[in-house]
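Whatever order the structure lists them in is the order used to number ligands and atoms, beginning at 1. Nothing fancy with the numbering, it's 1 onward along the sequence. Here the structure is a predicted model, which is why all the values come from computation and not from measurement.
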Amino acid sequence: MVGCPFPMTAATPAPLEFPPDFVWGAATAAYQVEGSPLADGAGASIWHRFSHTPGRVRDGDTGDVACDHYRRWPEDIALMRTLGLTSYRFSISWSRILPEGRGRVNPAGLAHYERLVDGLLEAGIAPHITLYHWDLPAALDDRGGWLNPDIAEWFADYASVLFKALGDRVPMWATLNEPWVVTDGGYLHGVLAPGHRSAFEAAIAARQLMRAHGRAVQAFRGLAPPAAGGRIGLVVNIEPKYPASDSDADRAATARAEAHMNRQFLDPALLGRTPPELAEVFGEAWVDWTPEELALARQPLDFVGINYYTRAVVQHDPAVWLQRAAPVRQPQATHTETGWEVHAPSLTDTLTWFRRRYGELPLYVTENGSAFYDPPQVSGDELDDPLRRDYLAQHLRAVHAARAAGVDVRGYYAWSLLDNLEWAHGYSKRFGLVHVDFSTQKRTPKSTARLYAQVIASQGRCLGRA
Ligand code: BGC
């Protein structure tokens with residue numbers, strides 16, 4: 001049993017404390033955990049295709065089995081209960097609902113998520129649904145995917161099926177998970193599905209993603225409760241950028257990197273404009289967004305979800321495609337297995353930056369976590385993972401610091417509930433609160449899970465003084 005890292009003593013004057021309605025969650029994504037991607041009439045997704053293409057995913061790993069969450073979700077809900085989670089953030093596989101991506105609804109796919117939502121509600125855990133976490137129906141990719149302007153209507157139609165089926169029971173909805181990663185990994189650098197490498201396509205996909213986001217929010221608002229109750233928002237990844245030096249070149253490079261990753265989607269969604277640096281980043285591939293695109297992207301949102309993992313210290317580097325900016329490794333810092341610097345104060349910075357730039361809007365940390373080495377098999381009923389545990393404690397304290405600075409952060413979702421398919425890294429990187437033995441599907445809570453349970457049970461007091 002892991003004790004509280006900062007135990008309270010009689011001398012502790014101001015315990016760190018989160019409010020009683022603070023949301024304590026964990027997150028997953030469909031293709032990363034579900035397995036059985038073609039079961040019960042589902043269509044293939046671009047991730048099914050990508051992972052079955054030799055050379056695309058490390059060790060040839062696929063999501064064919066993953067964590068078998070598609071069948072083991074009752075066991076996983078029981079795990080969530082032992083942690084004391086009050087919310088579970090998961091994504092829906094579009095091609096389970098609409099095997100061809102549009103048109104015909106697959107009742108068996110819908111029934112799966114109805115059972116999951118009802119199971120969560122019975123357990124007292126609020127479902128938080130992400131409509132798109134990167135697994136586009138392959139049939140839509142065949143029609144151009146995120147490059148086809150029709151995708152805004154396809155996405156709104158798909159979203160509406162879910163709003164009507166589950167809107168009476170689901171309190172939180174997110175349209176897209178990390179549109180920047182969809183464009184950067186999927187269309188610019190090609191390391192994620194569909195694996196393209198084109199600046200022109202990345203710039204187009206960005207516009208179509210935000211048009212789709214806007215149309216889905218409009219569809220949500222157009223349905224009266226209970227067909228679409230609850231709240232709807234957008235989830236972005238933010239990695240704060242700091243210049244490596246005071247030189248003009250490093251500062252300009254930092255601004256380019258920051259505009260590309262952190263403001264490319266939030267500025268249109270919340271300010272109705274695009275960052276001026278993007279024209280410089282994309283060069284001839286840049287096309288100004290039309291007034292229609294900007295207006296559609298800017299819909300009133302109920303919340304924004306921020307996924308935070310690390311920061312970047314940036315220097316000018318003319319050899320880097322488009323951005324001409326490169327991260328500088330911090331030798332004195334701890335790095336995770338994905339090579340990311342552990343830097344919790346930057347999470348506080350991210351949340352305060354958001355408020356300064358975009359104003360008052362409820363925020364949730366919708367993902368935060370770390371990959372550190374754990375063995376593939378575990379004996380006993382517990383796995384000690386001190387580095388991940390320390391990461392969690394530090395970042396929860398960083399969230400509290402942002403709240404103390406006046407930022408309206410209403411919840412925290414650990415990434416991830418389970419070790420899972422880390423996209424192109426396959427199963428080689430473990431982010432879970434709970435260890436998964438992929439040869440037996442045995443789940444073993446890590447010490448990070450125990451710490452999280454204690455934090456939740458104590459409303460954060462277990463983390464010590466503010
Ligand atoms: C994604 C997750 C991913 C995590 C760790 C986020 O960008 O939303 O799906 O597993 O980062 O890389």
Side-chain angles (χ1 to χ4, degrees), residues 25-35 37 45-47 50-51 57-58 61-63 66-67 69 88-94 128-136 174-189 191-193 209 213 233-240 260-262 264-266 304-312 327 335-343 346-347 350 364-374 387-388 391-392 395 412-434 436 438 448:
T28 64
Y31 193 73
Q32 293 183 275
V33 297
E34 285 180 347
S45 73
I46 54 172
W47 265 96
F50 193 74
S51 66
V57 175
R58 182 169 163 170
D61 287 344
T62 73
C67 309
H69 184 63
Y88 175 47
R89 174 174 179 251
F90 61 96
S91 78
I92 293 204
S93 158
W94 185 340
H128 177 163
I129 288 181
T130 301
L131 292 165
Y132 187 71
H133 200 130
W134 309 356
D135 48 354
L136 188 72
T175 54
L176 307 173
N177 179 71
E178 301 187 351
W180 181 80
V181 177
V182 176
T183 62
D184 192 75
Y187 290 92
L188 187 61
H189 289 109
V191 294
L192 302 175
L209 279 157
H213 158 78
L234 172 70
V235 171
V236 290
N237 55 297
I238 302 292
E239 185 182 286
H260 187 231
M261 193 188 222
N262 299 340
Q264 184 174 183
F265 297 91
L266 283 181
V304 166
I306 291 186
N307 295 351
Y308 171 87
Y309 289 90
T310 189
R311 67 161 182 171
H335 292 84
T336 68
E337 282 270 302
T338 45
W340 299 340
E341 180 188 353
V342 176
H343 199 269
S346 291
L347 173 53
T350 294
Y364 293 81
V365 174
T366 32
E367 284 180 32
N368 175 241
S370 54
F372 286 108
Y373 174 79
D374 303 312
L387 293 173
R388 191 179 290 100
Y391 182 101
L392 177 76
H395 287 77
Y412 175 92
Y413 291 81
W415 183 269
S416 177
L417 177 68
L418 303 166
D419 291 337
N420 59 45
L421 181 88
E422 178 51 25
W423 304 112
H425 294 291
Y427 296 100
S428 67
K429 304 282 178 272
R430 293 176 178 270
F431 278 89
L433 297 170
V434 176
V436 177
F438 292 105
T448 303

Legend entry - For atom 4 (C) of ligand 1, closest protein heavy-atom neighbour: Tyr309 OH, 3.3 Å

Legend entry - Shortest protein heavy-atom distance from atom 1 (C) of ligand 1, along with the residue and atom involved: Glu367 OE1, 3.3 Å

Legend entry - Side-chain touch Leu209/Val182, heavy atoms, less than 4.5 angstrom: yes

Inset, instruction - Assert yes or no for the condition that the ring centre distance of Phe90 to His128 is strictly below 6.0 Å. - result: no

Legend entry - Within reach of ligand 1, part of Trp340 (heavy-atom separation under 4.0 Å): side chain

Inset, instruction - Quick one: look up the protein heavy atom nearest atom 7 (O) of ligand 1 and list residue, atom name and how far away it is. - result: Glu178 OE1, 2.5 Å

Legend entry - Ion pair check, Arg430 and Glu337, cut-off under 4.0 Å: no

Legend entry - Side chains of Asn177 and Asn307, donor plus acceptor under 3.5 Å: yes

Inset, instruction - Of the side chain and backbone of Lys429, name the one, both, or neither that has a heavy atom under 4.0 Å from an atom of ligand 1. - result: neither

Legend entry - Pair His343, Ser346: side-chain N/O donor-acceptor within cut-off below 3.5 Å: yes

Inset, instruction - Would you please say whether a donor-acceptor pair under 3.5 Å links the side chains of Glu239 and Tyr309? - result: no

Legend entry - Candidate list Tyr413, Tyr391, Trp415, test side-chain hydrogen bond (donor to acceptor under 3.5 Å, both in side chains), partner Asn368, passing option: Tyr391

Inset, instruction - Answer yes or no: does an N/O atom from Trp423 fall short of 3.5 Å to an N/O atom of ligand 1? - result: yes

Inset, instruction - Starting from atom 10 (O) of ligand 1, find the nearest protein heavy-atom neighbour and note its residue, name and distance. - result: Glu422 OE1, 2.7 Å

Legend entry - Atoms of ligand 1, numbered as shown, that sit under 4.0 Å from any heavy atom of His133: 1 (C), 2 (C), 8 (O), 9 (O)

Inset, instruction - Determine whether the side chain, the backbone, both or neither of Asn177 has a heavy atom under 4.0 Å from any heavy atom of ligand 1. - result: side chain

Legend entry - Test of proximity, Gln32 against ligand 1: N or O pairs below 3.5 Å: yes

